[in-house]
Amino acid sequence: MYEFSAAFAYLCELKSDKLELRPSIPDEFIAQQTRLIGSENALRLAESLERASPVSVRMNSAKRSSLFSEAELVPWCTTGRFLDKRPEFTLNPLLHAGAFYVQEAASMFLEQAYNAFDETPQRVLDLCAAPGGKSTLWRSLLPEGALLVANEPLRQRAMILAENLAKWGHADVVVTQAYPEEFAALRGFFDVIATDVPCSGEGMFRKDDDARRMWSMANVAMCAERQRKILSDVWPALRNGGWIVYSTCTFNDEENEKNVQFICEELGAEVVPLSIDPAWGIVDTPFGYHFYPHLTRSEGFFIALLRKTSPSGTQKMKIKHRPLVDFPKWLKNNDEFVGLRSCETLITAVRKSIADDVLAVGQIVRCLSAGIAMAEEIKGKKTVPQHPLALALDFDEAVFPRVSLSLDEALSYLRRETLCLPADVPRGYVNVVYEDHSLGFVNNLGNRANNMYPQEWRIRRK
Ligand SMILES: C[S@@+](CC[C@H](N)C(=O)[O-])C[C@H]1O[C@@H](n2cnc3c(N)ncnc32)[C@H](O)[C@@H]1O
């Protein structure tokens, strides 16, 4: 029974009083929340969805910078920071150097799920990963030598995911573009599968008008069904005893609690409790954790940690070994890597200890990137350093001459404009840096320096 109360009537007034520039929050959504969390909370939730979103960032602990060091900490994530206002992030070169990521604070709670693992996972699949907020966090949490497969089925979004992970700089990442069922052939391969599933986006009502416009109970039901299909399709790829991190940015129980129940009962898993501080304002339920914007400084979010109890078996994969190739010795620890040819001309470096896993994944699903894209060979003569190398944590910055850029020059570089370097800078490939953070390469011809920043990554903002 819906609880149509005075609070609900007040909400309707609130909606009609608003300057109607934005689509209003759907009545049925308010009724649904009234049923789920009571009228008082539904009222406070709806009010909070009309307020401005909090601003937060997460620092890349492997690319140290003093930026935002004074900002308030996000209590559930060691590298999260709240900002008082939203700066022009695009015009900060350190964003493009991978020193930080702009991320909604609730998503950073993933760190608490990670802390609940009783052993360190070695193979993690982030199944619905674009644009890469949680993948960059996974990568920061995982130790070196553990493999992260970050996947996104949609091409354009997968390209953005690859870009954001290249900026983050860790070598032990494979970016794939595949649908969940394609991973089933990697039977029992992964220790962890994270499913940050596409959802009805109620938690985004504050930021995203389309989420308001597209919302309906029918859409909620459609999303819930698609989520169950995603989970069922990828299920064989999770090893027995492996972990599922299930999350959505929506509030309703169809896509949250009922799907967690489906995973437990139909697929075979148990919910694992997380430790939370009551002061955080997170709502703890038997099936997972809710972030409500009227209670936490965040958007709406739901997350559950589960452990697989059903058997999956493992399939011993026959790895088709590819010939190793020499790669230019431009890394700090070249001996830890092997060179592989990604396509005819591109040479990548992959950590030796995970090379077989990387090959196994590449045999089953389409890979957009794996390891560090090092160099392009041109007609077997010239070796051109690739942009991801300049952003990689393993890049040996002593190899190429380095030039520090001012803010204006750095922005000009990121817009892919031609630069003019000081006369004493050697000719050839030069690494350009901003505040000690590598931004990329230029080819210095003397009178001008050709900009090697990837065309599709360039910033357009003046
Ligand atoms: C909520 S977003 C992921 C956000 C991301 N995890 C992050 O933190 O930046 C869900 C993603 O799932 C993708 N997706 C859509 N259909 C999918 C499917 N059938 N299987 C897996 N992912 C899908 C969407 O394109 C979208 O990029």
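Counting begins at 1 with the first residue of the sequence. Indexing begins at 1, ligand by ligand and atom by atom, following the structure's order. Treat the numbers as computed from the prediction; the structure is a model and nothing was measured.
Which parts of ligand 1 touch L154 is read off a 4.0 Å heavy-atom cut-off, strictly below it: atoms 25 (O).
The aromatic ring centres of Y413 and Y453 sit less than 6.0 Å apart. With ring centers used as reference points, F251 lies 6.0 Å or more from F302. Between H387 and W457, the distance separating the two ring centers is shorter than 6.0 angstrom. Aromatic rings of F205 and F29 (six-membered ring for Trp) have centroids within the 6.0 Å cut-off, being under it.
By the 3.5 Å distance cut-off applied to N or O atoms, G133 is counted among the residues near ligand 1. Some N or O of D196 is nearer than 3.5 Å to an N or O of ligand 1, by distance alone. Note: no N/O pair closer than 3.5 Å links Q103 and ligand 1 by distance alone. Residue contacts with ligand 1: Y101 is placed with no nitrogen or oxygen under 3.5 Å of a nitrogen or oxygen of the ligand (distance criterion only). On a distance-only criterion, C128 and ligand 1 share at least one N/O pair closer than 3.5 Å.
By the 6.0 Å and 45° rule, R307 stacks over the aromatic ring of W243. A cation-pi arrangement is absent between R58 and F100 under the rule of less than 6.0 angstrom and at most 45 degrees off the ring axis.
Here A129 has backbone heavy atoms under 4.0 Å from ligand 1, and that is the only part of it that gets that close. With a 4.0 Å heavy-atom cut-off, ligand 1 is reached by the side chain of I230 but not by its N, CA, C or O. Proximity of R157 to ligand 1, defined as any heavy-atom pair under 4.0 Å, is confined to the side chain (atoms from C-beta onward). Contact annotation for P131 and ligand 1: heavy atoms of both the backbone and the side chain come within less than 4.0 Å of the ligand.
The residue from G201, A130, A150, P198 that puts a heavy atom closest to atom 15 (C) of ligand 1 is P198.
Within 6.0 Å of atom CD in Q156, 12 or fewer heavy atoms from other residues, nucleotides or ligands are found, so the atom counts as exposed in its surroundings.
Looking at every heavy atom in both residues, A355 comes nearest to V338 through CB-CG2, 4.1 Å.
The salt bridge (charged side-chain N to carboxylate O under 4.0 Å, His left out) test with R123 singles out one residue from D191, D357, D172, and that residue is D357.
Residue, atom and distance of the protein heavy atom nearest to atom 13 (C) of ligand 1 are E152 OE1, 3.4 Å. The single protein non-hydrogen atom nearest to atom 23 (C) of ligand 1 is P153 CG, 3.5 Å, given as residue, atom name and distance.
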